[in-house]
Each structure stands twice: as C-alpha cells, then as structure tokens.
2 protein chains.
Amino acid sequence: MENQNISDIIESYLKQILAESQQVEIRRAEIADQFNVVPSQINYVIKTRFTIQDGYVVQSKRGGGGYIRIEKVKLLDNLDFIDSLVAAVGDHITRHDGLAVVRSLFEAGAVNRREVNIILAAIDKDAINTGDRDLDQQIRARVLISILNHLRYES
Amino acid sequence: MENQNISDIIESYLKQILAESQQVEIRRAEIADQFNVVPSQINYVIKTRFTIQDGYVVQSKRGGGGYIRIEKVKLLDNLDFIDSLVAAVGDHITRHDGLAVVRSLFEAGAVNRREVNIILAAIDKDAINTGDRDLDQQIRARVLISILNHLRYES
DNA sequence: GTTTTCTTGACTAATGTTGACTAATATTAT
DNA sequence: ATAATATTAGTCAACATTAGTCAAGAAAAC
C-alpha cells in the first residue's frame with residue numbers, strides 16, 4: 001500500500017464518496033489541483049475506472065460552472081441488465097473490461113463468488129491466448145456473451 | 001542446503017514472508033536488485049515455484065505503481081481428480097469430450113448444476129468458433145483447464 | 001554426453017503521467 | 001443580437017514506469 005500510484009488514489013477518493021452518496025460532482029481542475037496532477041489525469045482515471053462496465057455513468061459540462069458528475073447506476077433495477085452487459089461487451093473485449101463486466105454481474109447479485117471465479121478462469125489470458133490479440137478479444141467477447149445469455153435463462 | 005542456487009534463495013525468501021502473512025506483494029525490479037539478478041529471473045522463480053499446484057495464485061500489474069502479488073490459497077482435497085481431468089483434456093478437446101469432462105465434475109460433486117451451465121456456455125460452439133476447428137479445440141482445452149485449475153482451491 | 005534447470009538480456013506489452021491543443025459553454029462588451 | 005473573451009472539460013500523442021516473454025547460453029544433474 002505504500003506505493004500506490006496517483007490514479008488509484010484518486011479512484012479511491014471518488015469511490016469513497018460514492019459509497020455514501022450515489023453520485024459525486026467535481027470540478028476537474030479542483031481535483032487535479034488537490035492531488036497535484038494535470039487536469040487530464042482526471043479524465044484518465046474516469047476513463048479507466050468509472051466505465052459503464054463498472055456500473056458508472058459519467059456526465060459533464062464545459063464552460064463556466066462546468067463539472068464532471070459520476071453516478072453509480074443500480075443495474076438490478078434495470079430489467080435489461082443482461083442486455084446492457086451484452087452491449088457493453090460488444091464483439092471485442094479486453095481482459096480489463098471483461099473483468100469489469102464480471103464484477104458488475106457479481107455486484108448485481110446475478111452470480112456468486114464461486115461463479116465469478118469460474119467465469120474469470122474462462123476468460124483468463126492463459127485460457128484465451130492464440131497469439132493474435134484481436135482474435136483473443138473476439139473469442140473473449142463471445143465466451144462472455146455466451147455465459148451472459150445462459151444466465152438470462154438460468155436465473 | 002549447502003548448494004542453493006539463487007532461484008532457491010529467492011524462493012525461500014518469499015516463502016518465509018508467506019509463512020507469516022498469507023500474501024506478499026513485491027516490486028519486481030526491487031527484488032531483482034536486492035538479490036542482484038535480472039528482473040526476468042523473478043518471473044522464472046514464480047513460474048517454477050509458485051504455481052497453482054503448489055497452492056499459490058499470482059497477480060500482477062504493470063506501469064507506475066506496478067507490483068507482483070503472490071497469494072497462498074487453501075487447496076481443496078480433490079486435487080488428484082482435477083489432475084486426471086486436466087490430463088484428459090490435454091491440449092485439444094472436442095465439444096463432445098469437453099461435455100464428458102464437465103459431466104464428470106458434476107457427478108463428482110465438484111460443481112453444481114448452475115456452474116455446469118456456466119462452464120458449458122463458456123465452451124459452447126457458438127462461443128468458441130474461429131472457423132479453424134483445430135484452433136477451437138485448443139482454445140476449448142485451455143479454457144477448460146483454466147476453469148479446472150480454479151476449482152483446485154477455495155476463493 | 002545428454003538432458004534438465006538456471007541465468008541473462010533483448011525485446012514486448014500494459015499501465016500511468018504529462019502537456020499541447022481542441023471543443024463546448026458561459027459571460028461580457030458592443 | 002452578435003461578437004469577443006473567459007472558463008471550463010475533452011482528446012491525443014509523447015514519454016515514463018512498470019512487468020512479461022522468449023530464446024540463447026551456462027551450469028548442474030543424471
């Protein structure tokens with residue numbers, strides 16, 4: 001823990017607020033200043049850690065009084081939950097984004113911890129590794145979608 | 001013990017920490033420096049001495065604040081059974097034979113019906129379908145083995 | 001002597017950080 | 001109203017910082 005990078009620290013800070021209050025609204029320059037980073041780093045943190053796969057929706061506005069608002073969405077409330085995850089997967093998906101999808105499934109209560117581990121094993125880099133990165137991402141997407149579609153009917 | 005090579009020494013060092021603390025997190029370059037070896041030797045030590053068969057799970061992250069984390073996991077008592085299935089899968093497996101492996105898992109009580117369906121979805125022909133039959137069988141084998149390896153321990 | 005294991009380093013890949021430039025929106029001046 | 005200016009956030013590419021892979025050669029075991 002003594003050597004966390006600054007992106008992780010900013011992520012933690014924002015998620016801590018989100019743990020209590022459903023949404024957080026920031027001024028980009030203010031947060032950047034607070035953590036002593038350039039403003040665009042805030043975009044990086046959001047882009048890599050607050051995606052729809054992670055269960056967050058981000059809105060922003062430029063100009064005077066501008067803001068970035070991060071909202072935690074409750075996926076279970078959404079009847080098209082599986083549909084939205086399938087859409088999020090698309091026809092290519094990285095391991096990183098695949099992990100986020102599985103985490104969303106877990107957080108939504110659609111799968112338990114044991115099932116999470118089985119799914120992660122199925123889309124692991126050691127499992128899907130043809131040597132062609134693009135092909136791997138396609139296969140990973142299909143495997144994930146196949147699992148998602150089965151969950152639709154099983155649960 | 002009088003003729004230990006450097007890999008053995010690094011192994012001992014890490015296992016000594018693990019004897020007390022469930023997991024150890026290192027910076028590869030730091031440990032390499034400490035023992036005066038090239039960084040990739042750390043990968044060698046981990047790959048040969050901290051496998052899932054030994055009861056270790058390894059995670060890592062690159063980039064700033066990167067790390068290698070080795071976690072000691074509690075192995076289950078079905079190891080020989082899993083070994084035999086891994087051997088049966090080999091490096092190629094058809095859907096038909098894959099189904100038999102999954103059925104064995106179920107009949108042995110290693111997985112429940114829901115888990116069976118998740119695994120079957122993962123190795124389904126629609127999920128793994130590159131157009132190259134041989135490649136599909138290789139991928140299916142790796143996906144299955146990855147799942148089998150995760151069934152070795154409690155998580 | 002052969003085979004296996006260990007050691008090394010060049011190359012690759014993933015992730016994080018920074019800053020110059022762009023775009024959108026609001027405010028102020030005309 | 002319109003134009004100019006100020007005030008925000010977004011994008012992108014270069015660079016930095018980590019770990020991973022692989023294959024060749026050395027050392028050890030057999």
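Order of the sequence lines fixes the chain letters, A, B, ..., with proteins taken first and strands second; residue numbering starts at 1 for each chain. None of these values were measured; they are calculated from a predicted model.
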Closer to the 5' end of DNA chain C via nearest nucleotide, is it Y44(B) or V38(A)?
Y44(B)

Quick check with a 6.0 Å cut-off and a 45 degree axis cone: is K15(B) positioned over the face of F50(B)'s six-membered ring?
yes

Closest nucleotide of DNA chain C for N36(B) versus for I6(A): which of these residues is on the 5' side?
N36(B)

Distance test, side-chain N/O of K125(A) to OP1/OP2 of dG20(D), below 4.0 Å
no

Could you tell me the separation between the CD atom of Q41(A) and the P atom of dA13(D), rounded to a whole number of Å?
18 Å

Would you mind classifying the nucleic acid contact of I42(B) as base, sugar-phosphate or nothing, using non-hydrogen atoms under 4.0 angstrom?
nothing

Please figure out whether I68(A) or S40(B) has its closest DNA chain D nucleotide nearer the 5' end.
I68(A)

Check: Q41(B) and F35(B) side chains under 4.5 Å, non-hydrogen atoms
no

Go through it in stages, so that I can follow the logic: the residues are Q138(A) and T130(B), the test is side-chain contact (heavy atoms from CB on, under 4.5 Å), and I'd like the CA-CA distance, side-chain angles, deciding distance and then a yes or no.
CA-CA 9 Å; Q138(A) 285 179 42; T130(B) 63; over 6 Å; no

Of dT7(C), dG16(C), dT25(C), the nucleotide closest to the side chain of N5(B) is dT7(C)

Quick note, S7(B) side chain, CB onward, closest among dT11(D), dG9(C), dC6(C) is dC6(C)

When rounded to whole Å, the CD1 to P distance for the pair I9(A) and dG16(C) reads 12 Å

Hey, does the side chain of S60(A) come within less than 4.0 Å of dT8(D)'s phosphate (OP1/OP2), counting only N and O?
no

In terms of side-chain heavy atoms of V37(A), which of dA19(D), dT18(C), dC6(C) is nearest?
dT18(C)

same_hphob_cluster(Y67(B), I46(B)) at 4.5 Å side-chain heavy-atom cutoff:
no

With sugar-phosphate meaning primed atoms plus P, OP1 and OP2, does G66(A) contact a base, only sugar-phosphate, or nothing at under 4.0 Å between heavy atoms?
sugar-phosphate

dT12(C) C1' sits how many Å from R133(A) CZ, rounded?
8 Å

Rounded to the Å, how far apart are D136(A) CG and dA13(C) C1'?
13 Å

Given atom CG of D126(A) and atom C1' of dA19(D), what is their separation to the nearest angstrom?
14 Å

When you measure from the side-chain N and O atoms of K61(A) to the phosphate of dA26(C), is any distance below 4.0 Å, counting only OP1 and OP2?
yes

From CD1 of I31(B) across to C1' of dA19(D) the rounded distance in Å is 14 Å

Side-chain N or O of R62(A) less than 4.0 angstrom from OP1 or OP2 on dT22(C)?
no

What is the minimum heavy-atom distance between N129(A) and R142(B), and which atoms define it?
O-NH2, 2.6 Å

From CZ of R95(A) across to C1' of dG20(D) the rounded distance in Å is 11 Å

Contact class for R49(A) vs. all strands (heavy atom < 4.0 Å): base, sugar-phosphate, or nothing?
sugar-phosphate

Distance check: side-chain N/O of R27(A) vs OP1/OP2 of dT8(D), anything under 4.0 Å?
yes

To the nearest Å, give me how far apart CG (D33(B)) and P (dT7(C)) are.
17 Å

Any R28(B) side-chain N or O less than 4.0 Å from OP1/OP2 of dT18(D)
no

Do you know which two heavy atoms are closest between Q4(B) and I9(B), and how far apart they sit?
OE1-CG1, 3.8 Å

